[in-house]
Amino acid sequence: MLQLTDVDVAALLEKTDVVGTVREVFLAHAAGRTVLPEESCLRWTNDEGDACRSLNMPGLVEIDGRRIAGTKVINASLGNPARGLARAGGLILLFDLTTARPVCALDAAHISAGRTAAVSVLATELLWAAPARAVAVVGAGALAEAHLELALRRWPSVRQVRLHDRVRERATDLAERLGDTHRTVAFDVTATAEQAVREADLVIPVTTTTSGYIPADWIAEGAVVVNVSLDDLTPEALSAADQVVVDDWSLVAADTTRILGRMHRAGDVLPPPRHRAPNPSAPARPAVEVTAELCDLVDGSAEGRTAATDRIIVNPFGMSLHDVAVAGRIYQEFLT
Ligand SMILES: NC(=O)c1ccc[n+]([C@@H]2O[C@H](COP(=O)([O-])OP(=O)(O)OC[C@H]3O[C@@H](n4cnc5c(N)ncnc54)[C@H](O)[C@@H]3O)[C@@H](O)[C@H]2O)c1
């Protein structure tokens, strides 16, 4: 079995169109050319009291007339940054379609962060009222860096990035690193999350919080919020949004821990149109209406934004299909 290290993967990722790949995956998903099982999650607390988890995320997707199958195992310990380690790390395994044997193991960190940023960027471009000028990022870790590197390379419209982290040095370090490359952008490190979020036209929470702290009234008219870390918004912020878009409803519906999954279990979420029962029972007026899945926006079957003032929340649970597809493209690139 071929093994590609993080250095190998980082070099090959440079040659891969990650946004284009996630777009093709959404089209394949809309056309039924995917298999997306539920993910499994093992959680524990280590001897030092840190929350740890291991996610196993299998998937199969057909793109370029070829099927790619595999799984991502991504583990994390909340104590790792204090140990000088990345919070999350793992492996992507690619499978031979005929024998089912694993053929390639790739370090997952760069692919996982890169595909997450690519989904956020694609979703934003599909839903923004105008190209983003003021971007707020809460949390200044690996995912913040991956998002800002991709967004700033792609969007010359951005004039200001407001960064907040509860550990201020993480935000100042990231602002300095990015400021060296992006000299036309003003990087402001804010003392509070509220100062970062208010008046931003794109908000990206990438923290590790498990309790919501972004209320509805922090979110500006017309803003897009890409809720990457999934638990930063209060239930009221989700209810007050003009639109809530998910990446894949089945993953959200199967989830028991994140805010949208919990609200769904409590009967407070109306699924996206394709997943609604013909005669839904209570609740008559759910608190949150999911208006679309991202694959519907990508293939044009859902409308997206309807007014420049809409506040739109994207809840990207994270789909294995993107990891497997990007890993498959990297593997092909390595072989050629
Ligand atoms: N939805 C997806 O597809 C997807 C994919 C990958 C990662 N994620 C999530 O993204 C998040 C960030 O991942 P990462 O690898 O960058 O983590 P990280 O540990 O590298 O960075 C997180 C940063 O957030 C800061 N932080 C935590 N709570 C905060 C709060 N309440 N306010 C302000 N700052 C806070 C921490 O100090 C840290 O600097 C994680 O929750 C991870 O699970 C989501």
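All heavy atoms count here, side chains included; hydrogens, waters and symmetry mates do not. Model, not experiment: these values are computed from the prediction. For ligands, and for the atoms within them, numbers begin at 1 and follow the listed sequence.
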**Prompt:** ligand 1 versus D165, non-hydrogen atoms closer than 4.0 Å: side chain, backbone, both, neither?
**Reply:** both
**Request:** Under 4.0 Å from a heavy atom of G318: give me the atoms of ligand 1 that qualify, with their elements.
**Result:** 3 (O)
**Asked** Does ligand 1 have any atom that is closer than 4.0 Å to a heavy atom of E145?
**Response** no
**Test side chain to side chain donor-acceptor pair (under 3.5 Å) applied to D6 and H110, step by step** = CA-CA 7 Å; D6 59 339; H110 283 103; 5.3 Å; no
**Request:** With side chain to side chain donor-acceptor pair (under 3.5 Å) as the test, would you mind laying out the steps for R329 and T21 before giving the verdict?
**Result:** CA-CA 8 Å; R329 289 225 157 133; T21 305; 3.0 Å; yes
**Message:** Looking at R23, I want to see if its CZ is surrounded by more than 12 non-hydrogen atoms of other residues, nucleotides or ligands under 6.0 Å.
**Reply:** no
**Message:** Can you name the atoms of ligand 1, numbered from 1 with element, that are less than 4.0 Å from a heavy atom of S229?
**Reply:** 11 (C), 41 (O)
**Prompt:** What is the nearest protein non-hydrogen atom to atom 14 (P) of ligand 1, stated with its residue, atom name and distance?
**Reply:** R87 NH2, 3.5 Å
**Request:** May I ask you to identify the nearest protein heavy atom to atom 33 (C) of ligand 1, giving residue, atom name and distance to one decimal place in Å?
**Result:** R166 N, 3.3 Å
**Prompt:** Should you measure from each heavy atom of T208, which atoms of ligand 1 turn up under 4.0 Å away?
**Reply:** 27 (C), 28 (N), 41 (O)
**Item:** Option from T181, D180, D173 for which side-chain contact (heavy atoms from CB on, under 4.5 Å) with R177 holds
**Value:** D173
**CA sep, side-chain torsions, deciding dist, call: L55, R53, side chain to side chain contact (heavy atoms under 4.5 Å, CB included)** = CA-CA 7 Å; L55 282 177; R53 55 111 170 120; 3.9 Å; yes
**Request:** Starting from atom 2 (C) of ligand 1, find the nearest protein heavy-atom neighbour and note its residue, name and distance.
**Result:** P316 O, 3.6 Å
**Prompt:** What's the shortest distance from atom 10 (O) of ligand 1 to any protein heavy atom, and which residue and atom give it?
**Reply:** L143 CG, 3.9 Å
**Item:** Shortest protein heavy-atom distance from atom 21 (O) of ligand 1, along with the residue and atom involved
**Value:** G141 CA, 3.3 Å
**Asked** Where is the nearest protein heavy atom to atom 20 (O) of ligand 1: which residue, which atom, and how far?
**Response** A142 N, 3.2 Å
**Nearest-contact summary for atom 40 (C) of ligand 1 - protein heavy atom, Å** = T207 O, 3.2 Å
**Request:** Decide yes or no on side chain to side chain contact (heavy atoms under 4.5 Å, CB included) for V203 and I219, but give the supporting numbers first.
**Result:** CA-CA 8 Å; V203 180; I219 300 169; 5.7 Å; no
**Complete:** Check: of D231, V206, T209, D232, min heavy-atom distance to atom 22 (C) of ligand 1 comes from V206
**Asked** Should the ring pair H264 and W249 be called parallel, tilted or perpendicular, given that the plane angle runs from 0 to 90° and is split at 30 and 60?
**Response** perpendicular
**Item:** Any N or O of V228 closer than 3.5 Å to N or O of ligand 1
**Value:** yes
**Prompt:** When you look at R101 and D96, which way does the salt bridge (charged side-chain N to carboxylate O under 4.0 Å, His left out) test go after all the steps?
**Reply:** CA-CA 5 Å; R101 290 167 67 95; D96 180 88; over 6 Å; no
**Item:** Protein contact to atom 5 (C) of ligand 1 [nearest heavy atom, distance to 0.1 Å]
**Value:** T116 OG1, 3.2 Å
**Numbered atoms and elements of ligand 1 in range of R115, under 4.0 angstrom, heavy atoms** = 3 (O), 5 (C)
**Item:** Test log, rule side chain to side chain donor-acceptor pair (under 3.5 Å), inputs T5 and D8
**Value:** CA-CA 5 Å; T5 66; D8 302 327; 3.1 Å; yes
**Asked** Which residue, Q160, H164, Q195, forms the side-chain hydrogen bond (donor to acceptor under 3.5 Å, both in side chains) with D188?
**Response** Q160
